[in-house]
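The sequence lines fix the lettering, A, B, ..., with proteins before strands; numbering per chain opens at 1.
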Amino acid sequence: MKDSELKRVIEASLMAADSALSMDRLIRLFEQDVDQPTREQIRKAIASLQQECEGRGVELRKVASGWRYQTRPDVQPWVARLWQEKPPRYSRALLETLSLIVYRQPITRGEIEEVRGVSVSSNIIKTLLEREWVRVVGHKEVPGRPALYGSTQQFLDYFNMKSLDEMPSLAELKDLDLMHPELELPRPQTDKKSSLRVVTASGDLAEGQETRH
Amino acid sequence: MKDSELKRVIEASLMAADSALSMDRLIRLFEQDVDQPTREQIRKAIASLQQECEGRGVELRKVASGWRYQTRPDVQPWVARLWQEKPPRYSRALLETLSLIVYRQPITRGEIEEVRGVSVSSNIIKTLLEREWVRVVGHKEVPGRPALYGSTQQFLDYFNMKSLDEMPSLAELKDLDLMHPELELPRPQTDKKSSLRVVTASGDLAEGQETRH
Amino acid sequence: MSKTNSPPPEHLQAELPFAVVKGEPITVPPEDLYIPPDALEIFLDAFEGPLDLLLYLIKRQNLDIVALPILQITQQYMEYIGLMKELRLELAAEYLVMAAMLAEIKSRMLLPQPAVEEDEKDPRSELIRRLQEYERFKQASEQIDELPRMHRDTFGVSIMQSEYPIERAQPDVDFRELMVAFQEVIQRAQMFASHHIQREGLSVRERMSGILGMLSIEDFVEFQKLFDVQEGRGAAIVTFLALLELLKTRAIELVQSKPFAPIYVKPAVKGPEEAHSNEG
C-alpha cells in the first residue's frame, strides 16, 4: 500500500471509530492485506495527519489507549450547542475520591475515608466504577480483604491524557518538622494574649482586604 | 466571526455531530453570537471544507437531511474491519453434518439424518453451501432423487489439505483423545451426555477429569 | 467555573467572634456563623466533612494552618456542629468526632506543660497533618475538574461510514473441532465399524464426488478422460473403484454404442420427478 493510500485509510478509520485506536488495532486493519504497512509507516502517516490538522477545528491526539480525532477546545462553545443536555458535573465528594484513587493508588475505601475525614458513599464508588474511571486492582491483605482501587486507561482517555505522568502534580506537603519552631506550644498563660494578638492582627488584615476588594 | 473561524467551527461541529446537520441547525449554533454568519457565509465555508477533502479518506457530503462527513467508499473495506465482530461459532450439528459429508461423500441429506439420528435443518445445508465447503455433486437415483453432497476444493484449502487422504482415519480419530488429552475441545451440547456416560462407566476417571479442568 | 457548591469565598472576614478588636469588644456572634435551619442542607452539602469545614474556618480568617489557633477554631466549629446536630445527627457524626478531637487538643493545651518535655509533640500536629493532607487532595480534585474533559471541553469525532456492503466474517473452524464432531456422531450412531471406513478409503469417495461434479458440468464424459496417466496406478484404481461405487448406487451410467467404441460416462437417467427435485 502506498503511503498516501495508507494515510487515507488511517484518517477515515480514526474518524469513523467511536474511540481511540491503538497501534495494534490499526495494524489489524491491514492484516488481510498482501503488503501490510509497518508500525513505522503507520506512525509516519499519523504524524503527517496530525500536521494537516494545524489550524483546523479538529486535532488528532494521542491519549492513553491510542489516537483519536477530537474537536479543539476553542471551538467548544459552538460545538457544545449541538447537544441539548449539559455535560454532567461531578460532585466534590466524587472528585476528591477520584483524586485520592488516582494519586494514591492502589488505595482502599477505608484509606480514602481516612484522608477525607468522612465516609465515602457506595454510590460514588459505583459511579466511578461504572464510568470505568477506576477499577478494583486487587485486595489488601488485612482483615476483610478490602478492595484496592486504581485508575484506568478510560480515565486517562476521558481527561485527555496519555499517562498518569501528565496529571497535575500534587501540592507539596509542608514538612512539619522543619516548621517546628513555629509550632512551639503557646503556654497556657500566653495563650489568651496570643489569640488576642492574632485577633488584632487578622482584624487589621481583614479590613485591609475588605477595602482592597 | 472571521471566515477562517467559521470554517473551523463548522468542520468541528459536522465531525462531532451524530447525524447530518441541516443549514438551520448550523445557523442555530451561532444564534447567541453577536456577529452571526449568514447562510451564504456558511455555504461558502462548507464549499471550502468540501474542497479540502480532495484526495483524503473522508468527504463532506450533502445528503437529504443536511451535510455530513463520511468515509469514502474506496477506504471502506478497511474501515469496516473496525466493526468486524468476532464471527459466531458453528453449531455442533453443522460440524457433524460437515464431517459426514466429508467422510461419507457423496451422501444425501437422508443418509446424514440416518447417522445423526435427527433431522438436518435446511439452514445447515444452506450455510455449508454458501461457505462453499460442500456442493451438490449429483442426485441419487432413488425416489425423490435427493441431492448428493460432496466436499469442495475450498474445504481442502481452508484446512490446508491437498486431498482428502490427509484426513485422519476413524481409527486415528479414536486415539485422538488418548493421544492428545490437551486437545480436548469444549463440547457444548454433547458434553453432558458423554460425560454422563463416562461417569457411569468409570466415575473415578470422570471426577479426576472434572478437577483437572 | 466548575466548582460546585463551594463554600462562599472569603468576603466576610471583617467580623470576629467574641473578641476585642482595637479596643472595641465584640459581643454579637458574627452573622456568617449563624446558619438558618433551612440552610442546613446546603451547609451539609457545601462541606465535604469536618476537615473541609475546618479548612474553611481557617481560610475565612486568613490564617495559616500551621499556626492553627485552636481555641478560636474550636469555638467556631462547635457552633457549626451545634446547628447541625439539631437536625441531622446521623450526618453530623463525623463532625462530632472532630469536635471531640478539637476539645481534646484544647484541653491539653490549657494544661500547664512541664518545661523539660521539649520533645513532646504539639497536640495540634496530627490535626495539622491531616488538614494539610486533606487540602492537597482537595486541590488535586479541583485540578482534575479543570482538566480538559470529553463531552465538556472536547468532543470525539465519529463520522458516518459510506454505504458499502459489509462483508460478514465467517466463523473459524478448528480442524480438531471437526474431528471431534465426526468422532462423536460416529460413536453415537454405533453403526460404522472403523475398518469399514478405512477400507473404503476417503480417496474413493472424494473421487466419486469429483466424477459427479464433472458430470454436472459436462453431462457426458469419455471414460478414458477420467483417468490421468500422470496420477499413477494408485489413482487409476481409485477412480475405477469410484466409478464402480457410483454405478452401484445408480448415480451414473456407462454407455457404449458398439463393442470397442469409446465408453462414455453420464449421469443416471433422470427420473420423471426431476423437474421438482432440483435441490442444489
Side-chain angles (χ1 to χ4, degrees), chain A residues 14-19 58 68-73 76 79-80 87-93 95-96 98-100 102-103 115-119 157-161 167-168 170-171 173-174 176 179 182-188 191 194-196 198-200 202-203 205-207 209-210 213, chain C residues 2-6 10-11 13-14 16 19-22 48-52 61-63 66-67 69 71-72 94 98 109-113 122 124-125 128-130 132-161:
Chain A
L14 286 171
M15 285 202 166
D18 330 293
S19 58
V58 295
R68 73 170 174 224
Y69 276 99
Q70 61 187 54
T71 61
R72 284 189 196 268
Q76 181 272 345
V79 180
R89 306 181 79 173
Y90 295 99
S91 69
R92 282 180 55 206
L95 289 167
E96 285 181 15
L98 177 63
S99 80
L100 273 158
V102 171
Y103 283 98
V115 175
R116 294 195 57 232
V118 282
S119 61
D157 284 354
Y158 196 81
F159 288 95
N160 270 287
M161 286 179 285
M167 285 292 293
L170 204 54
L173 198 61
K174 284 174 210 140
L176 284 179
M179 337 196 66
E182 290 171 48
L183 270 186
E184 209 129 19
L185 272 183
R187 296 289 138 206
D191 195 46
S194 90
S195 84
L196 265 178
V198 171
V199 166
T200 321
S202 66
L205 193 68
E207 271 189 15
Q209 280 197 329
E210 185 89 300
H213 278 207
Chain C
S2 50
K3 272 170 229 157
T4 55
N5 298 326
S6 301
E10 297 94 297
H11 61 273
Q13 294 190 347
L16 289 161
V20 178
V21 180
K22 291 174 191 164
E48 285 302 324
L51 291 170
D52 197 26
Q61 302 234 37
N62 232 332
L63 300 171
V66 178
L71 295 182
Q72 272 173 277
E94 285 139 343
M98 177 59 73
M109 288 177 70
L110 287 171
L111 289 174
Q113 298 267 331
D122 186 326
R124 294 174 300 178
S125 62
I128 290 170
R129 189 197 61 75
R130 284 188 65 188
Q132 284 193 313
E133 182 79 341
Y134 172 68
E135 194 181 20
R136 293 170 85 198
F137 288 101
K138 189 181 159 179
Q139 276 172 14
S141 74
E142 284 161 9
Q143 285 173 324
I144 287 180
D145 205 23
E146 299 287 319
L147 289 172
R149 189 193 294 178
M150 293 302 280
H151 310 311
R152 187 187 72 182
D153 307 298
T154 180
F155 302 88
V157 165
S158 180
I159 65 171
M160 299 284 274
Q161 302 180 63

Q: In sequence, state the C-alpha distance, the side-chain angles, and the governing distance for A/Met167 and C/Ile144, and then conclude on side-chain contact (heavy atoms from CB on, under 4.5 Å).
A: CA-CA 8 Å; A/Met167 285 292 293; C/Ile144 287 180; 3.7 Å; yes
Name the region of [X], side chain, backbone, both or neither, that has any atom closer than 4.5 Å to a heavy atom of chain C.
X: A/Ser19; value: neither
X: A/Ala17; value: backbone
X: A/Val58; value: side chain

Q.
Using only atom types and a distance under 3.5 Å, with no angle test, would you say the side chain of A/Gln76 pairs donor to acceptor with the backbone of C/Arg152?
A. yes
Q: State whether the side chain of A/Thr71 and the backbone N or O of C/Thr154 hold a donor-acceptor pair below 3.5 Å, judged by distance alone.
A: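 A pair under 3.5 Å: no.
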Q. Under the side-chain contact (heavy atoms from CB on, under 4.5 Å) test, which residues partner C/Pro148, sequence neighbours left out?
A.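 In terms of side-chain contact (heavy atoms from CB on, under 4.5 Å), with neighbours along the sequence ignored, C/Pro148 is linked to A/Asn160, C/Asp153.
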Rounded to the nearest 0.5 Å, what separates atom [atom1] in [X] from atom [atom2] in [Y]?
X: A/Leu95; Y: C/Glu146; atom1: CG; atom2: CD; answer: 10.5 Å
X: C/Arg136; Y: A/Ser99; atom1: CZ; atom2: OG; answer: 10.5 Å
X: A/Met15; Y: C/Gln161; atom1: CE; atom2: CD; answer: 14.0 Å

[X] and [Y]: which non-hydrogen atoms are nearest, and at how many Å?
X: C/Gly49; Y: A/Val118; result: CA-CG1, 3.2 Å
X: A/Asp18; Y: C/Ser158; result: OD1-OG, 3.6 Å
X: C/Tyr134; Y: A/Arg116; result: CD1-CA, 3.9 Å

Q. Is A/Met161 atom CE crowded by more than 12 heavy atoms from other residues, nucleotides or ligands, each under 6.0 Å away?
A.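 Above 12, so yes.
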**Q.** Audit row: C/Met150, A/Tyr158, side-chain contact (heavy atoms from CB on, under 4.5 Å) steps and yes/no
**A.** CA-CA 5 Å; C/Met150 293 302 280; A/Tyr158 196 81; 3.7 Å; yes
